[in-house]
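Report on the following structure.
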Protein chains: 2
Amino acid sequence: MGDPGREEYKIQSFDAETQQLLKTALKAGRLECAELADLGQDEALCLAEEMQSLSWIGAFCSPQNRNPGAVDLEKVANVIVDHSLHDCVFSKEAGRMCYAIIQAESKQAGQSVFRRGLLNRLQQEYQAREQLRARSLQGWVCYVTFICNIFDYLRVNNMPMMALVNPVYDCLFRLAQPDSLSKEEEVDCLVLQLHRVGEQLEKMNRQRMDELFVLIRDGFLLPSGLSSLAQLLLLEIIEFRAAGWKTTPAAHKYYYSEVSD
Amino acid sequence: MGDPGREEYKIQSFDAETQQLLKTALKAGRLECAELADLGQDEALCLAEEMQSLSWIGAFCSPQNRNPGAVDLEKVANVIVDHSLHDCVFSKEAGRMCYAIIQAESKQAGQSVFRRGLLNRLQQEYQAREQLRARSLQGWVCYVTFICNIFDYLRVNNMPMMALVNPVYDCLFRLAQPDSLSKEEEVDCLVLQLHRVGEQLEKMNRQRMDELFVLIRDGFLLPSGLSSLAQLLLLEIIEFRAAGWKTTPAAHKYYYSEVSD
């Protein structure tokens, strides 16, 4: 938001055909500006911001563009997942878009082609996660970012999806293994996801969160070649959780303000 | 309590003359069993337990021993400080005894000879703390334990003594310097004191506590030859403070239960 360069990047990062597909999908779902009001106010605001930041607000809201047409929503789901695996910035934000499409699809036809397609692809990638990690560390980090973002946004009766709890935990446990803790990209991903979804995950299964933090503390305390930055990130997340998933003012000053001093 | 060996050690650790001096001081203060009821119930219980654990309950409560006599309370203060500097177990508990003597002295005669003597000696040792540390690491650790224990027990209008806040902080800051963090006795002392008086100290001066934890985090994160045990202790105290001076169940399991697994 407010960063034209980033918006530009966003819209250009899809090829023209894919952009058209996604736009059509959103329109096919008839998720119109007016319908945003049916969502909670916060959600509507978030969505509107998201659409704006993706420069789709024009196509999305202008009446002359309403031409639902046929669109393969399973293909849309695959496009989104594929793009997420290659673009970590996109994967951080894709949850909102998926949420919007799922809402729209469900409202229009009571269907869940997109949702099913999305969850199927997530599961395929989950099962092949070790291969993905071996093949492309960035792809793996993008995948974890994406599944956590989907966990964050997709709701059933205003609760996170139970089906995603263990896969998300499994990914985070993988990131907390010694070989991952020695890689800054993975540590960075781990703490980012815990900042984002840690509290919700803990509510769904406290015991696994306790176990995850055992791994994190162990990684810290056992000789393991952690970089200084990784140590700093892990200490911050340990304090963050201990304080009830909050950053205390003193911790904020230490971890965030003093860096720029 | 309930450990006869330890009681035996306690009473025998003073020479006969000193034991007599202390007993007389307590009796001179006419702090009798009946008077314990004037203290809050918890304090009375603590004191009674303390006296019992020191095997003084007999001398203290039996009527035939009530023979106040003259006693030099300044000398008593010096005896207690001297003994504290040589006996870290005693220094952890001496605060209660000092509190009892101060209460008794104040009730009987509205005087504060003992209290003044105690604070003067504390200040002398405080001013010479670097020499003390250079001369005897154990003496220094005992001193910090003692002053923190005094800070914990001595109250003015149910508040900790303002005059002790900065000296106590200065001692803890000293323990958080890199050369101290590389010594397990000092790290152990630092975290013990923070467990005991950290929350009260923070209430008296939050900014200094923030600064102290900057040193602790730095010591933890910067390459500094910390032992594994020291790292574990420091990580635990960082989590302890972050959680609002509490040990969360998960942290308890990690730091305390699993050690014995």
Chain B contacts, top residue of A/Arg217, A/Gln231, A/Glu239 (heavy-atom pairs, under 4.5 Å)
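Going by pairs under 4.5 Å, I would pick A/Arg217.
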Heavy-atom pairs under 4.5 Å with chain B are the metric here; pick the option from A/Ala251, A/Ala243, A/Pro249, A/Gly244 that has the most.
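With the most close heavy-atom pairs to chain B, the winner is A/Ala243.
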Side chain / backbone / both / neither for B/Arg206 at chain A, heavy atoms under 4.5 Å
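The answer is neither part of B/Arg206.
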Where on B/Leu235 is there a heavy atom nearer than 4.5 Å to chain A: the side chain, the backbone, both, or neither?
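B/Leu235 touches chain A through side-chain heavy atoms alone.
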Between B/Ser106 and B/Arg115: side-chain donor-acceptor atoms closer than 3.5 Å:
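No, B/Arg115 and B/Ser106 have no side-chain donor paired with an acceptor closer than 3.5 Å.
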Determine, for B/Arg121 against B/Glu125, whether the closest basic-nitrogen to carboxylate-oxygen distance falls under 4.0 angstrom.
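Judged by the 4.0 Å cut-off on N to carboxylate O distance, B/Arg121 and B/Glu125 do form a salt bridge.
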Residues 188-198 of chain B, side-chain donor-acceptor partners within the protein, below 3.5 Å, at least two apart:
unit_1, atom_1, unit_2, atom_2, d
B/His195, NE2, B/Glu236, OE1, 2.7
B/Arg196, NH1, B/Lys92, O, 3.2
B/Arg196, NH2, B/Lys92, O, 3.1

Cation-aromatic face contact B/Arg208/B/Phe173, 6.0 Å, 45 degrees:
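Output yes; distance and angle both within limits.
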